[in-house]
Amino acid sequence: MSFDILPQALVNGLMAGTVLAVPAIGFTAIFAIRGYPNFMIGAMATIGAYAGWMANSSAGFSLWAAVAVAFVAAALIGLVTEKVAVRPLEASGALTMAIASLAMSIVLENAIRFFFSNNLRGFDTPLERDVVMMGIRFGPQQLRNLLIALGIMVAIWAILKFTRFGRAMRASADNPDLARLKGVEPVRIADITIAMAMGLCGLGGALLAIDSSVDPMVGTRLLLSIFAAAVLGGLGSIPGAVVGALSIGIIEEMTVAYLAPAYRLAISFIVIILVLTFRPQGILGAKVR
Amino acid sequence: MLTYIVFILTIAAIYALLAQSLVPIWGQTGMVNLGLVGFFAVGAYASALLTRDFGWPVYLGPIVGLVAGGILGLIVTLSTLRLRDDYLAIVTLGFAEVVRIVASNEIWLTGGTDGIAGIPGVFERGTGLTFHVQFMVLTTLLCLVIGLLITRLVKSPWGRVLRAIRDDQIVASVAGKKVVRFKAQSFMLGASIAGLAGALYGSYISYIAPDLFLPLITIYVFLAATAGGNTRALGATVGAYLLVAWLEISRFIGEVVPVLSAVQIASLREIIVGLALVIVLRFAPGGLFKEKRQKAPVT
Amino acid sequence: MRSFLDRNSINRRSLIKGIGAAATLTLAAPAILRAQEAPLRLGTLTPLTGAGGPYGPTMVDAVRKVVDNINGSGILKREIILVSEDSQTNPEAAVRAARKLIDVDQVSAIIGTWASAVTTAVAPMCWESKTMLFTVSGADSITQLPHDGYIIRTQPNTTLQGLKFGAFAIELGGKRVFFLTPQTPFADSQFVTITSSVEEAGGVTERLIYDDKKPSLRSEVDQALRFNPDVIILGGYTPDTTILMRDLYRSGFEGHLIGFGYSINQDLLNGLPADVVEGAYTLSPSPAEGSKAYDELAELVGVAAPDTYTCQVYDHINMILTTVAKAGGVSGTEIRDTIRSISQGGGTVVENATAGIEAVQAGEKVDYSGASGPCDFNDIGDIVDANFRYEQVVDGKITLLKIA
């Protein structure tokens with residue numbers, strides 16, 4: 001059990017967690033404002049990855065522009081899908097909507113496979129070597145991802161807390177009828193929430209793909225870890241999603257460094273159970289919903 | 001052709017058992033068990049190991065599966081006591097993955113990714129169609145018996161308590177019901193049925209491996225139960241048979257559209273499965289067999 | 001729902017198939033008019049979705065193209081009907097698909113099962129129904145099953161691969177060899193044989209088993225590098241190897257990288273920037289030098305460097321067609337009993353179905369040698385020997401170094 005590898009393992013964990021953070025924010029936002037767990041987030045990340053890749057490799061967009069394209073594409077496709085397949089089931093309850101989103105996630109992943117097959121694609125960008133600071137290696141793209149995740153987190157948190165629109169979103173979540181009486185249009189709120197959350201998943205997918213590769217399962221492979229991140233951080237809390245994501249990243253890298261790498265998912269879940277047993281609302285979750 | 005049909009009917013009955021396992025847990029008590037395939041796996045492994053490596057008689061296999069599923073169900077309930085329902089869904093999903101990871105890596109116990117081959121069949125193999133028909137009769141009978149059992153339990157006072165817990169946990173506990181005990185009983189019942197299904201599957205196919213127990217199976221069964229109606233054994237069973245029928249029928253769709261490549265046909269099949277479910281949910285949201293509202297008993 | 005599966009629907013389906021066949025017939029009329037015998041029914045069961053998805057489609061494509069060629073020329077004197085099913089890289093789905101292929105499509109052989117779990121699950125129903133199973137799976141236990149000769153496997157077993165890899169690592173000057181692999185049925189056996197090869201030359205080895213679903217394998221790479229290896233051997237498949245290679249590049253690893261031909265393949269090269277893969281070595285089973293089969297296959301499927309799975313199913317279909325031409329019948333049992341008489345034992349060397357069929361019809365004794373190796377099988381269906389193709393990524397292309 002050597003402790004000199006600890007700093008690098010911690011940094012690796014943070015870097016690995018950033019990839020989960022943005023989709024986790026999307027997931028938890030839908031949960032907070034729409035009230036159900038939306039399982040499409042993995043497929044939306046994949047869609048964002050493909051959209052960004054097409055923009056980058058076929059149309060020659062820069063990485064930043066490609067990521068923006070990913071956001072927009074995922075927002076649009078996600079919104080349309082949700083409005084057509086999931087929202088009509090609102091009267092049947094949260095679980096039914098969750099199941100419908102699960103079904104649509106299968107549909108979307110296979111739609112991608114239908115058009116693109118299973119071949120691996122890569123963004124048209126050179127790979128940067130690590131930056132070494134104080135003897136610890138950092139990946140430049142991953143540092144950027146971390147900043148992006150933090151930036152998004154702050155932006156959304158600020159919107160929810162300080163803008164009229166954000167307050168309207170929270171009001172709509174707590175009491176839709178009362179909110180409507182006050183002139184808040186719930187359909188509009190729902191649309192914007194979903195579009196934004198799906199867009200974030202797509203953005204996260206593109207960021208992930210820039211650093212790895214693009215195939216039809218690139219997003220769905222992460223599904224469990226994204227859930228774990230959102231749950232650990234406290235479902236419904238935006239900062240919680242980021243904290244949860246970074247924590248999951250660190251837990252997993254610790255498992256790799258000190259236990260058995262093959263067990264990283266298993267250990268994550270055991271940790272989550274322990275945390276939730278002693279703190280049922282998650283790290284930053286609200287005590288009463 | 002006949003063998004194929006009998007085979008598919010047997011598989012459908014096993015899926016029906018899995019769907020029925022969701023009725024007490026999810027339909028009646030409101031606990032979302034996304035770790036279904038984990039109980040399926042535990043039942044399969046326990047039964048396979050004991051009948052193949054320890055020489056236990058084959059007819060004990062299904063019982064072993066039942067018990068193993070129940071024990072794991074108890075463990076899961078106890079570990080997740082304080083979790084809210086929303087968290088339960090995701091945590092149970094994690095549980096199933098943990099089972100799969102342990103099965104893949106603990107080679108000394110489970111054979112690892114090599115799996116367990118040569119599992120003894122409850123009936124003798126090598127008799128051609130007879131073997132399949134025997135299994136089909138067994139699984140369909142079990143499906144019927146357990147379906148009837150669940151239906152009776154649903155109508156019983158025990159079932160009423162479960163629904164009370166499902167609809168409002170706090171009220172139920174204020175009314176003096178020991179919520180934890182009922183939840184545990186319900187979960188264990190469902191989990192043991194899933195374990196039984198696992199033992200039957202392993203015995204029928206003669207081989208199990210960690211790669212068999214993917215979340216996709218849980219998803220399929222959830223789709224089936226939702227479409228059929230998750231509060232009633234009849235609904236869950238019909239949903240499962242429809243699911244398997246649909247999974248198989250979708251193969252032939254590919255032959256009608258010859259211009260598609262093989263991978264496109266494969267994706268199209270998956271898309272059709274997902275869309276079919278969404279359509280059912282849209283036009284029959286409680287499932288094809290909705291919950292029957294019970295009248296309050298005359299006092 | 002039951003009505004769909006009854007007789008009328010089967011006839012309806014046959015009618016649809018018939019219409020499709022009629023359409024093809026009008027295009028190939030002269031050739032097929034000569035075909036009078038019972039058709040040969042074959043099935044492919046490859047991973048089109050799921051973890052093996054990167055490999056399945058190209059495999060099916062190779063088989064289909066060979067079948068189309070032979071149907072078009074009509075030299076087999078019977079129609080070949082090919083049905084393709086998706087194994088979903090999942091034994092549960094694969095078992096249902098295999099049942100359908102065997103009982104509904106009545107295939108004589110199933111080609112291309114990839115995941116070892118899928119092959120092991122499907123094998124019993126194949127040997128019980130006397131259907132041939134041609135597989136590319138690597139787990140040693142597969143050919144140990146009581147398959148009565150109904151399994152043919154073109155993938156070299158792990159002992160052979162491990163020895164070759166270990167020996168090559170030594171040849172590259174390695175003294176400290178690290179093996180990075182996900183959990184597979186051969187993670188253990190390969191490591192054991194690599195180690196015996198390396199230790200014999202005075203080197204040392206170490207291994208790490210990683211989870212192949214992670215988006216980043218940094219810590220795993222860090223651990224490998226702490227061993228100070230001069231050679232790293234990669235045991236995973238394309239998606240996780242992509243990630244490994246990125247993280248290895250980022251870490252500044254300067255030593256040699258050796259991977260299996262099925263992971264460092266054209267697909268991987270397409271997905272990674274050039275300097276990340278540059279210089280990596282790869283080994284694949286191969287026929288002896290001078291064989292044209294590999295190049296013919298590359299041209300057929302339009303892939304510059306087809307990976308070993310595609311090569312193997314190409315050999316499967318070629319051998320099946322040649323065997324049927326020789327046996328005169330189409331059943332699985334006849335294929336089982338006749339295949340070794342065309343795949344080995346000397347005679348005219350043939351490297352594709354057309355050459356094989358023509359030679360057989362001319363009464364010659366043939367010996368098939370394919371794109372994946374000499375294709376000589378022992379009693380339990382394993383290949384007896386294979387050469388290996390040693391390649392390296394040079395200037396962004398997979399370049400042949402030697403065959404040995």
Side-chain angles (χ1 to χ4, degrees), chain A residues 2 5 8-9 11-13 15-20 53 109-110 113 117-132 137-142 208-209 211-222 224-225 249 252-258 260-266, chain C residues 47-58 61 86 89 180-183 187 208-226 237-253 265-277 303:
Chain A
S2 55
I5 59 171
Q8 182 70 59
V11 167
N12 288 350
M15 300 289 118
T18 63
V19 129
L20 302 174
W53 166 74
E109 177 190 312
N110 282 282
R113 187 176 282 119
S117 191
N118 290 312
N119 307 91
L120 251 56
R121 325 273 179 172
F123 274 74
D124 208 351
T125 167
L127 192 54
E128 306 158 287
R129 297 229 195 225
D130 284 344
V131 162
V132 184
R137 297 198 341 261
F138 294 80
Q141 183 59 40
Q142 291 170 319
L208 165 65
D211 231 13
S212 56
S213 64
V214 187
D215 74 279
M217 301 200 304
V218 66
T220 41
R221 265 187 216 105
L222 287 187
L224 238 55
S225 295
E252 293 190 349
E253 293 306 306
M254 289 294 137
T255 310
V256 170
Y258 292 108
Y263 276 91
R264 56 121 196 166
L265 255 183
Chain C
L48 300 172
T49 56
Y55 301 106
T58 324
D61 193 45
D86 179 15
T89 326
L180 273 167
T181 174
Q183 188 63 272
L208 183 146
I209 296 187
Y210 60 84
D211 179 339
D212 54 1
K213 293 194 184 42
K214 289 182 70 179
S216 152
L217 288 163
R218 220 159 238 284
S219 294
E220 286 83 346
V221 166
D222 284 348
Q223 213 167 305
L225 294 182
R226 274 196 289 279
Y237 296 102
T238 2
D240 43 285
T241 305
T242 310
I243 308 223
L244 261 183
M245 299 210 65
R246 282 178 180 261
D247 282 330
L248 279 164
Y249 177 81
R250 275 192 276 247
S251 71
F253 176 66
N265 58 11
Q266 197 57 52
D267 218 24
L268 187 95
L269 263 60
N270 291 341
L272 282 174
D275 23 338
V276 175
V277 213
V303 173

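Note that this is a predicted model, so its numbers are computed, not measured. Within every chain, numbering begins at 1; the chains are lettered A, B, ... in the order of the sequence lines, protein sequences first and strands thereafter.
Ranked by non-hydrogen atom pairs under 4.5 Å with chain A, the options C:Ser251, C:Pro182, C:Gly252 are led by C:Ser251. Ranked by non-hydrogen atom pairs under 4.5 Å with chain C, the options A:Leu265, A:Asp130, A:Asn110, A:Asp215 are led by A:Asp130. When the candidates C:Leu272, C:Ile243, C:Asp211 are compared by the number of heavy-atom contacts under 4.5 Å with chain A, C:Asp211 comes out ahead. For chain C, the option among A:Ala262, A:Ser213, A:Ser212, A:Gly249 with the highest count of heavy-atom pairs below 4.5 Å is A:Ser212.
A donor-acceptor pair is defined here as one N or O able to donate and one able to accept, closer than 3.5 Å; such a pair exists between the side chain of C:Asp86 and the backbone of C:Thr49.
In the model, A:Gln142 has a side-chain atom that pairs as donor or acceptor with a side-chain atom of C:Arg218 under 3.5 Å. With hydrogens and angles left out, the side-chain atoms of C:Tyr237 and C:Asp212 include no donor and acceptor closer than 3.5 Å. Counted by atom type alone, A:Asn12 and C:Ser219 present one or more donor-acceptor pairs between their side chains at under 3.5 Å.
The part of A:Arg113 that comes within reach of chain C is its side chain, from C-beta onward, which places non-hydrogen atoms under 4.5 angstrom from that chain. With a threshold of 4.5 angstrom between heavy atoms, A:Ala257 approaches chain C through N, CA, C or O but not through any side-chain atom. Only the side chain of A:Gln8 comes within less than 4.5 Å of a heavy atom of chain C; its backbone N, CA, C and O stay farther away. Within the 4.5 angstrom heavy-atom criterion, atoms from both the backbone and the side chain of C:Ile209 approach chain A. Only the side chain of A:Ser117 has a heavy atom closer than 4.5 Å to any heavy atom of chain C. For a residue to count as touching a neighbouring chain, one of its non-hydrogen atoms must lie under 4.5 Å from one of that chain's; by this rule A:Val19 touches chain C with the side chain only. Looking at C:Leu208, the atoms closer than 4.5 Å to chain A (heavy atoms on both sides) all sit in the side chain, from C-beta outward. Only the side chain of C:Thr242 comes within contact range of chain A, judged by heavy atoms closer than 4.5 Å. For C:Gln223, the part lying under 4.5 angstrom from a heavy atom of chain A is the side chain only. Within the 4.5 angstrom heavy-atom criterion, only backbone atoms of A:Thr125 (N, CA, C, O) approach chain C. Proximity to chain C involves both the backbone and the side chain of A:Leu127, based on heavy atoms less than 4.5 angstrom apart.
Taking CZ of A:Arg129 as the start and CZ of C:Arg250 as the end, the distance is 11.0 Å to the nearest 0.5 Å.
A salt bridge links C:Asp222 with A:Arg137; the closest basic N to acidic carboxylate O contact falls under 4.0 Å. With salt bridges taken as basic N to acidic carboxylate O contacts below 4.0 Å, one links A:Glu253 and C:Lys214.
Among residues two or more places apart in sequence or in another chain, the ring pair (Phe, Tyr, Trp, His ring centres under 6.0 Å) test is passed with C:Tyr210 by none. With sequence neighbours left out, A:Tyr263 forms a ring pair (Phe, Tyr, Trp, His ring centres under 6.0 Å) with no residue at all.
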